[in-house]
Amino acid sequence: MARGQLRIYLGAAPGVGKTYAVLEEAQRRRGRGTDIVIGFVETHGRQHTADMLDGLETVTRRSVDYRGAAFTEMDVDAVLARAPQVAVVDELAHTNVPGSRNAKRWQDVQELLDAGITVLSTVNIQHLESLNDVVEQITGIVQRETVPDQVVRQADQVELIDMTPEALRRRMAHGNVYQPDKIDAALGNYFRVGNLTALRELALLWLADKVDEQLDRYRADHHIAKQWETRERVVVAVTGGPEGETLIRRAARIAGRSRGADLLALHVARSDGLAGADPALLAKQRVLVESLGGTYHQVAGADVPQALLDFARGVNATQLVLGASRRGRLAQILSPGVGVTTTALSGAIDVHLVPHERIGRGRRPLLGSGVSALSPARRLTGFGLAVLGLPLLTVLLQTLGAELSLASDILLFLAMVVVVALIGGLWPALLAAVAGSLLLNYFFTPPLRNFTIAQRENVLALAVFILVGVAVSAVVDLAARRTREAARASADANTLATVAGSVLRGASPLQALLENLRETFQLDTVTVLERRDDVRPGPDCQGDPTAWQVAATVGGQPCLTPSQGDTAVPVDDQVTLVLRGPTPAAADRRIIEAFAAQAALALRQERLTAEAARAKPLAEADRMRTALLAAVSHDLRTPLASAVAAVEGLRSDDVAFSDEDRRELLATAAESLDRLSRLVANLLDMSRLQAGALGVAAVDVWLDEAVPTALDELGAPGREVRVRIPDDLSAVRADPGLLQRVLVNVVSNALRFSPPDRPPLVTASEHGDVVELRIVDHGPGIPEEQRDHVFLPFQRLGDRDNDTGVGLGLALSRGLAEAMGGTLLPETTPGGGLTMVLNLPAVPPPAGLTAAEAAAADRAFTEGLHRPARDGGTGDPAPATPPDR
């Protein structure tokens, strides 16, 4: 059976019209005679969306019982049994109720697709897994329901349902998205213009990437090699040379001329890994590329032009920027070079050869080609062997006389030259070859005892003799050089890998980097100096301590100026790395420059992290202030309107109220004002908590007194709560007023969600120096992954229910509990429900008494004294704290 097709309607935010669009498509297909059913559609109470369901067959939903409540989900089995051609399944990222066939709705959709059913579905950009953290940074709201990007990317069609932020806000203001009581909060929080604009950009960029993938797949499936200039992509080739920054900036200017163009920097590394670019310059150039909004890439290849073009064609590049050759004129005559070869093979890709100051100066060797790769001992041994061995060989051959021919003599001398080359390298071999040729000519080539040669073939033999000696010595020297380069490259790679690992694992990347540099090169002090902004760069400031500030240092006494160190490595005009200790070798300079570049980058990252940390409280305060204003506009208005209506009714002379009606109006006003009072108190306390200005006056408090008082404040619902507090329980150290606020909020939350026949239960127990108070309810409970979310203030805003308050109760309760030195934690009630556990520090019993004896003494002391009545009556409070308490 062929797999069904998946078509997804993607939106930037709720309310843009995804469900309406998918139902329009369903109506069109029904009109064409397609067998289509509604598997699941959520109208959210929007009448225009509900009207689009007319005439469409709907599969009955399946009811699922979860923790005493009934929920409806899509009946996958029913849809499979119906076997339509097309099924409409709304809200792809939805999380199914526990106990359902699959955990996520997108998994239900996969079953329908496997059965050959085409599915039309919807999803918002904030529900994509890869964008979850980005959306949280933009909106301040964590999206708990997500769908893997791969599910959406593998869809056969993705259609963007787009709408400008202003149009969406107008649609909301007209009541076409949310109910009227939710509009103010939503417009002031999630649906701000900035949020909607950012989400819209995310949706457009994500869809653009999806379109790019489809285009690449189409070109690959149809074997299309030529470039399709759908978007400008500029690739700049960097070699790690000093001209790299010039090329990168030129490429950035080229990319900047086309809106939306991509900038990619590419370095082609030698596939043998022996000769490479300067890692310090590459690190700096990578930072430059990323600062200009581009990306850095590295590939390995023996054929540099072909590697460049393969990469450019792979990313569908339109332009390639190369630097003009640094080789001399003779080298360019012998070989066309990378730029000319790349241009000849580029095809439809435009190639820019950019001139720079290094043209024609040749490449600077990494290790210095003028220095022999062999050790001095080996070279001296080679010279000694040439000076002593050749005369001894001559004497030996003279002794043998006529027993050997000239050819044999040449071969023996050649063998000696090869041995000298293998041991001493190029210069000893050259000496041996020249000296050997002269000895052969004088002693063994007719006419003897003079430097003339009678036969032409002997001239050829001697010439070949010298060439072979030189060739062998060159091969030996090259092999030694390559071995030395390989060892050096391996050591550098190990050093950089160790550095990268320590930086990634360390809490302070800059300190870890500098410490690693100090240990690697056995330095005394490593200091990062930063030039002050008001000081101009120049030679005069190198020894001026007032021109520099120490950004980071490890080791001994830090260097206050670049001139105080033994080695100074400038990164740019602002930052310089100063070393004090043994002077590093010239070959180590490249690695130290790479360290310096990474140190500058780590310094900037630490600065950005610090700035972000300083800005976070301000952003949080701004978010809370915005949410507070939005919440107050609704939650203060409701009780205030009720109280005003009741009082206005009582004052009115137009209606004659009975005594019962008057009592009911007064009760309504009193209840509304009580709600208003609690809300204002919560808001004030939350603001004090956020500002760190909440005063706590901790005294000894007995829970068997504090709990009934809190229940009395809740009125009639509080009398239904069951209380089990042991008589021998120790007192707790708490602020009585704050503790009562915590108990009222937590118990009222339990009452709100408890079934009528199973009221909450309050129990207490003592564990060491902690008293544990448990408020147990048997309501629907909270999924474990969402428990931390209920302690966020204003967590009912945005897309969530906003009818039951601003969501401050539990957030405030946790803050008050922590201010008193306690904790408030949620647990799952056995059999279903939520248990809030309040832990408070216990008051230790007096010396010589156990907790039970101390409690009994307190009971005896307070016997006969009046305590506040549970039924709301007034009683005289206990006069004073018992002795020793």
Side-chain angles (χ1 to χ4, degrees), residues 1-11 17-42 52-53 55-62 73-96 100-125 127-130 145-161 203 206-224 228 230:
M1 178 183 297
R3 179 178 170 86
Q5 292 189 340
L6 176 61
R7 181 171 182 175
I8 294 178
Y9 291 79
L10 176 68
K18 302 179 302 299
T19 305
Y20 191 90
V22 77
L23 292 177
E24 274 189 326
E25 177 64 19
Q27 292 286 6
R28 282 194 293 270
R29 297 200 181 199
R30 184 181 72 90
R32 295 196 300 264
T34 303
D35 182 15
I36 186 169
V37 300
I38 303 298
F40 188 97
V41 164
E42 181 60 66
M52 293 298 297
L53 290 170
L56 294 172
E57 178 185 350
T58 301
V59 176
T60 304
R61 300 184 184 183
R62 181 172 60 92
E73 295 287 0
M74 181 177 68
D75 194 336
V76 180
D77 291 326
V79 177
L80 291 173
R82 171 65 176 75
Q85 291 177 288
V86 181
V88 177
V89 182
D90 201 10
E91 296 185 354
L92 186 65
H94 171 75
T95 300
N96 293 331
S100 300
R101 180 192 192 102
N102 296 305
K104 295 285 189 177
R105 184 165 292 164
W106 64 264
Q107 296 171 324
D108 296 338
V109 169
Q110 294 296 323
E111 288 195 36
L112 300 182
L113 296 174
D114 292 338
I117 301 173
T118 294
V119 177
L120 308 180
S121 189
T122 64
V123 72
N124 282 328
I125 193 66
H127 294 300
L128 296 182
E129 183 65 45
S130 66
E145 294 185 330
T146 59
V147 59
D149 286 48
Q150 195 63 21
V151 173
V152 184
R153 288 189 182 279
Q154 290 178 348
D156 299 277
Q157 298 180 61
V158 177
E159 181 175 341
L160 179 66
I161 307 301
W206 191 93
L207 188 61
D209 289 340
K210 163 74 175 174
V211 172
D212 281 343
E213 288 182 6
Q214 290 178 325
L215 178 61
D216 292 342
R217 191 182 310 121
Y218 177 85
R219 295 175 66 242
D221 292 342
H222 292 79
H223 307 289
I224 300 174
W228 287 4
T230 55

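What you are looking at is a predicted structure, and each value in this text was computed from that prediction instead of being measured.
Judged purely by atom type and a 3.5 angstrom limit, His127 uses its side chain to pair as donor or acceptor with the backbone of Glu145. Proximity of a side-chain donor or acceptor of Asn96 to a complementary backbone N or O of Asn102 within less than 3.5 Å is detected.
Within the 4.5 Å cutoff, the side chain of Val89 has no heavy atoms near those of the Asp108 side chain. A 4.5 Å side-chain heavy-atom check between Val79 and Phe40 finds every atom pair outside the cut-off. For the pair Asp35/Arg82, a side-chain contact is recorded, criterion being any heavy-atom separation below 4.5 Å from C-beta on. A heavy-atom distance below 4.5 Å is not found between the side chains of Ser121 and Trp106. Inter-residue side-chain proximity for Arg3 and Asp114 is flagged as met; some heavy-atom pair is nearer than 4.5 Å. Two residues are said to be in side-chain contact when any heavy atoms from C-beta on lie closer than 4.5 Å; Lys18 and Asn124 meet this criterion. In this structure, Arg29 and Leu120 have side chains that are in contact, with non-hydrogen atoms separated by less than 4.5 Å. The closest side-chain heavy-atom distance from Arg7 to Glu25 is below 4.5 Å.
With sequence neighbours left out, Gln154 forms a side-chain hydrogen bond (donor to acceptor under 3.5 Å, both in side chains) with no residue at all. A search for salt bridge (Lys or Arg N to Asp or Glu O under 4.0 Å) contacts involving Arg30 returns nothing, not counting sequence neighbours. Listed by chain and residue number, Val59, Asp75 satisfy the side-chain contact (heavy atoms from CB on, under 4.5 Å) test with Ala78 (two or more places apart in sequence, or in another chain). Legend: residues meeting salt bridge (Lys or Arg N to Asp or Glu O under 4.0 Å) with Arg101, ordered by chain and number and at least two apart, are Asp77, Glu111. A search for side-chain hydrogen bond (donor to acceptor under 3.5 Å, both in side chains) contacts involving Glu73 returns His94, Arg105, not counting sequence neighbours. Remark: Asp90 engages Thr19, Thr122 in a side-chain hydrogen bond (donor to acceptor under 3.5 Å, both in side chains) (not counting sequence neighbours).
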key: side-chain contact (heavy atoms from CB on, under 4.5 Å) assessment of Val152 paired with Leu10   = CA-CA 9 Å; Val152 184; Leu10 176 68; 5.6 Å; no
query = Could you walk me through whether Ile161 and Val22 pass the side-chain contact (heavy atoms from CB on, under 4.5 Å) check?
reply = CA-CA 10 Å; Ile161 307 301; Val22 77; over 6 Å; no
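Nearest heavy atom pair, residue Asp156 against residue Gly4, reads OD2-O, 4.3 Å. When every heavy atom of Ile117 is checked against every heavy atom of Pro84, the shortest pair comes out as CG1-O, 3.6 Å.
Distance check, rounded to the nearest 0.5 Å: CG of Leu6 to CG of Leu113 gives 5.5 Å. In this structure, the separation between CG on Leu207 and CD1 on Ile125 is 8.5 Å, given to the nearest 0.5 Å. The CG atom of Leu23 lies 10.5 Å from the CZ atom of Arg28; values are rounded to the nearest 0.5 Å. Distance check, rounded to the nearest 0.5 Å: NZ of Lys104 to OG1 of Thr95 gives 2.5 Å.
With respect to Val86, the side-chain contact (heavy atoms from CB on, under 4.5 Å) criterion is satisfied by exactly one of Thr118, Leu112, Val119: Thr118.
With 3.5 Å as the limit, one finds a donor-acceptor pair spanning the side chains of Thr146 and Glu129.
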